[in-house]
Amino acid sequence: MSASHTQWPMPPSNVSRQASLQAVEWLVRLRDVGDEGLRAQWQAWLTADPEHDRAWHYLQASCAGFGMLPAPVAHLALASPAVDAQRRQIAKLLGLGGVAVGAGLLGWRGLPWPTWQADRRTQVGERVVMQWADGIRLDLNTASAVNLLEDRDYRRIELIEGELMVTVMDPALSRPVRVDTVAGSVDTMHGRFSLRSAAGSVRARVFEGAIDVMPALAPTGAIRLMAGQAVDFSAQGVGAIGVTSDLDAAWVRGMLVARDMRLDDFLAELSRHRPGRLACDPDIAALRVSGIYPLHDSDRVLDMLARSLPVSVRTFSRYWVVIQPRPMV
Amino acid sequence: MSRQLDTPQDAIGTLYSDHHGWLKSWLRRRMGNETDAADLAHDTFVRILSKNEPVSLREPRAFLSTVAHGLLANLSRRRRIEQAYLDSIAYLPEAQVPGPETRALLLETLIEIDRRLGALSTRTRRAFLMFQLDGMPQQDIANQLNVSLATVQRDIVRAMHACFFPE
């Protein structure tokens, strides 16, 4: 690997090790301190020798180049020396083995559907709309995956993970739509409904029309859910019927609507749409949030929170954010 | 006694016919994969040929394994960094994933930085990355790594010097 392949120049050859080390030490000392006396000392050092000046300017340019690197990749790639990395690799392999064994115990189909084979999947923060034949519209929420199939009896959608909105509004529909999930299946001929899968359970919400919900292991427990109703179901059965409204479908339009929502619940919801870690200090978890927030700009949502609640947003990196109580002044 | 042949090519020819099979199985044990081992054994001989230097045949296997070991380290560095890259773009919307040229340039840069940071410890590297990539105040870095401010400053200076002023 020769240095000529890299984006940076090599350091000037006429800079001694001593001068380069001093340049680095000055940079580190000056970064966090606005001390005038220190700056004067640095200025004196800089002008004392042309070699100092060369070292300093090269270092400044290098730092600027480094700043162009995407932080998440660089953190992941550079955080450990090679030996650690090999250990990590082994741990990862062992971890993968654990998942494969554990998964056999989980699903009623033996193994969960492999998400990497999905026909359509979204990344964290991504939402897509798909138009399927016969006037069937599918909205796929963040970090979700589906397979689309057709057979003699049904147009079938497999919800592998995440959240899906299905809109079936064609009166001339030739076959019913069936959505298969980890907890069971849902049929409709006419309706607009959402399904959200998490940890073996699925929340179904109906906004228009009606759906039939059939838990995988309890076929006699099937129910019909009407517009305005919502239910959680697992493979073993269906929970109590609750209510829903169009506000619960706001994600389709890229919004998060909160009504007197706990802050920790709100942040958990927001973090589905945002890569990295979004943590909430327990002292403020029970604060209430209301409002309409844009899902595509979670940084702005955090700013809005910091203005409307007694909280401050602590950003360690773009991928690691903690919401804390605002310090007393 | 070390025996040096007149031309490196002759020496390499001998080296190849006598020890190529041994090198391949030595690499296979380390890499766990026949194809990778064969590729790297090939690369090892290409590397030796391209050096065009006299080849000592006194300890041919030690010599071969030293060259192969260097290539193996480069390869594992490259794979580790490629994996980190793939892990990190897994979160990105498709439109934001860098194109192949940017990707190649980025990987080359990361591999070179990693080589320059060499054997510096995880703590030293992290202190430097938090300082340089995230712009974190040094006291915050010290708190997070659970070490003194002086230690953090020493770590950052070491890593930054290694990174920007490689020996």
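Just so you know, these numbers come straight off a predicted model, no measurement behind them. A, B, ... follow the sequence lines: proteins, then strands. Residue 1 opens every chain.
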Which answer fits B:Glu82, side chain, backbone, both or neither, if we ask what part of it has an atom under 4.5 Å from a heavy atom of chain A?
neither

Is the count of non-hydrogen atoms from other residues, nucleotides or ligands lying under 6.0 Å from B:Arg61 atom CZ greater than 12?
yes

dist B:Met130:CE -> A:His75:NE2 (nearest 0.5 Å) comes out at 7.5 Å

For B:Phe45, check ring pair (Phe, Tyr, Trp, His ring centres under 6.0 Å) against everything at least two apart and list the hits.
B:Tyr16, B:His20

What option among B:Gln132, B:Arg154, B:Met136, B:Gln153 has the most heavy-atom pairs under 4.5 Å with chain A?
B:Gln132

Engaged part of B:Leu129 at the chain A interface, taking heavy atoms whose separation is under 4.5 Å:
both

Over 12 non-hydrogen atoms of neighbours within 6.0 angstrom of CZ in A:Arg127
yes

Answer with yes or no after comparing the ring centroid distance for A:Phe66 and B:Phe128 against a 6.0 Å cut-off, counting only values under it.
yes

Identified side-chain contact (heavy atoms from CB on, under 4.5 Å) partner of A:Leu78 from the options B:Ile111, B:Leu120, B:Leu133, B:Leu110:
B:Leu110

To the nearest 0.5 Å, what is the distance between NE2 on B:His161 and CG on A:Leu59?
9.0 Å

Please answer whether the main-chain N or O of A:Arg31 pairs with a side-chain N or O of B:Gln138 as donor and acceptor at a distance below 3.5 Å.
no

CD/A:Gln324: more than 12 non-hydrogen atoms of other groups inside 6.0 Å
yes

Look up atom CG in A:Leu27 and atom CZ in B:Phe164, then write down how far apart they are to the nearest 0.5 Å.
8.5 Å

Separation of A:Arg314 CZ from B:Asp140 CG (nearest 0.5 Å)
4.5 Å

Counting neighbours of CZ on A:Arg274 that are heavy atoms of other residues, nucleotides or ligands and sit closer than 6.0 Å, is the number greater than 12?
yes

Point-to-point distance, once rounded to the nearest 0.5 Å, from CE of B:Met160 to OG of A:Ser62:
9.5 Å

Checking B:Ser121 against chain A: side chain, backbone, both or neither under 4.5 Å from a heavy atom?
backbone

With a 6.0 Å cut-off on ring centres, are A:Tyr58 and B:Phe165 close enough?
yes

